[in-house]
Amino acid sequence: MTSSAVRLAEEFAEAGDFEAAACFFRQAIALEPGCAPHYEALAQCLLEMGEPEAAAAEAAEACELAPDWTAPLLTLGRASLNAGRFADAVLSLRAVLDAVAPQDSDASAEVMSGPAVHDAATSASQGWAPLLDAVEVEELRQDLSRAEQLLLQACCGTRSGRHTSACVHAFGPQVSRRGVRR
């Protein structure tokens, strides 16, 4: 039953009908509530539907269920960025980039290869994530840079020069009055 719900969800998502896909991913979650890939796929649909807060909640659930799987962490970072939660976005996106950095050679990286969502149980248990090619790694870096700049504008650019706790938490000792030191 779960596999047919996931198959239908994937078909609707591929056709661009993210509302129908989300409905079927919710069905899959109801049948298999501990399956992180279902939550991550639902989060992707919600992002496509312009619901970043809901997407972040589903991605966070996937992260909780499969803490070593980076795909939902990437989705959480992007959903947080779209929702204006810049500190959360910085933390999530930096964690994903840190996960790919040791393997990052010639501007391409492989987080961990694995099957698509349709083999959800295996994906979650093995900690697999989709491949990140050179273009995706660069997009990740751009998203992280954008999140850092927006966070600095939102919470670190105070006239007094003091940084908010969210800013200090996200940047740690790297934060300065002029921005993020790298």
Side-chain angles (χ1 to χ4, degrees), residues 1-100 103 109-133 135-137 139-140 143-144 146-147 150-151 166 169-170:
M1 183 70 129
T2 303
S3 63
S4 61
V6 171
R7 189 173 50 257
L8 286 169
E10 289 174 341
E11 288 174 16
F12 279 114
E14 287 176 22
D17 188 346
F18 297 106
E19 286 185 39
C23 181
F24 281 104
F25 280 124
R26 284 186 179 105
Q27 232 179 21
I29 289 168
L31 295 168
E32 204 173 6
C35 187
H38 298 336
Y39 288 92
E40 200 281 331
L42 175 57
Q44 290 284 339
C45 289
L46 293 168
L47 264 177
E48 291 292 336
M49 293 165 52
E51 299 181 26
E53 287 290 343
E58 300 300 338
E61 182 67 25
C63 289
E64 216 171 282
L65 291 169
D68 295 330
W69 189 34
T70 55
L73 191 58
L74 178 59
T75 302
L76 177 60
R78 289 185 170 150
S80 297
L81 179 59
N82 291 350
R85 295 178 12 210
F86 306 128
D88 292 341
V90 167
L91 294 173
S92 296
L93 295 172
R94 187 176 295 139
V96 174
L97 192 58
D98 288 347
V100 300
Q103 302 165 10
E110 181 180 312
V111 178
M112 288 177 275
S113 63
V117 172
H118 65 271
D119 194 8
T122 305
S123 296
S125 68
Q126 298 297 317
W128 289 326
L131 296 175
L132 290 181
D133 62 22
V135 172
E136 292 167 320
V137 170
E139 288 173 359
L140 172 59
D143 286 345
L144 176 57
R146 183 172 155 238
L150 290 168
L151 178 60
H169 180 69

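Residues: numbered from 1 along the sequence shown. Since the model is a prediction, treat every value here as computed from it, not as a measurement.
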> Residues two or more places apart in sequence or in another chain: which of them pass side chain to side chain donor-acceptor pair (under 3.5 Å) with R85?
Replying inline: E53, D88
> Of all residues at least two apart in sequence or in a different chain, which pass the side chain to side chain donor-acceptor pair (under 3.5 Å) check with Q44?
Replying inline: E40, T75
>> Measuring from atom CD of E58 to atom CD1 of I29, what distance do you get when rounded to the nearest 0.5 angstrom?
In response: 5.5 Å
>> Checking A57 now: which residues fulfil side-chain contact (heavy atoms from CB on, under 4.5 Å) with it, not counting sequence neighbours?
In response: none
> If you look at every heavy atom in L81 and F86, which pair is closest and at what distance?
Replying inline: O-CE2, 3.8 Å
>> Is it true that, when you exclude E19 itself, more than 12 heavy atoms of the residues, nucleotides or ligands shown sit nearer than 6.0 Å to its CD?
In response: no
> Any idea which heavy atoms bring A28 and H38 closest together, and the distance?
Replying inline: O-CD2, 3.7 Å
> What distance separates F12 CZ from C45 SG, expressed to the nearest 0.5 Å?
Replying inline: 11.5 Å
> Of all residues at least two apart in sequence or in a different chain, which pass the side-chain contact (heavy atoms from CB on, under 4.5 Å) check with A9?
Replying inline: F24, F25
> Hey, what do you get for CG (L97) to OG (S92), rounding to the nearest 0.5 Å?
Replying inline: 12.5 Å
>> So, taking the atom named CG in L76 and the one named CG in L93, what distance separates them when rounded to the nearest 0.5 Å?
In response: 8.5 Å
>> For a quick test of reading the model, state the closest non-hydrogen atom pair linking A66 to A36 and the distance between them.
In response: CB-CB, 3.7 Å
>> So which atom in A56 and which in A79 form the shortest heavy-atom distance, rounded to 0.1 Å?
In response: N-CB, 3.6 Å
> So, do L144 and V96 sit near enough that their side-chain heavy atoms are less than 4.5 Å apart?
Replying inline: no
> Which atom pair, heavy atoms only, marks the closest approach of A43 to A59?
Replying inline: CB-N, 3.7 Å
>> I'd like to check the ring pair (Phe, Tyr, Trp, His ring centres under 6.0 Å) partners of F18; sequence neighbours left out, ordered by chain and number.
In response: none
>> Can you give me the closest heavy-atom contact between A22 and L42, atom names plus distance?
In response: CB-CD1, 3.6 Å
> With sequence neighbours left out, what residues match D143 under side chain to side chain donor-acceptor pair (under 3.5 Å)?
Replying inline: R78
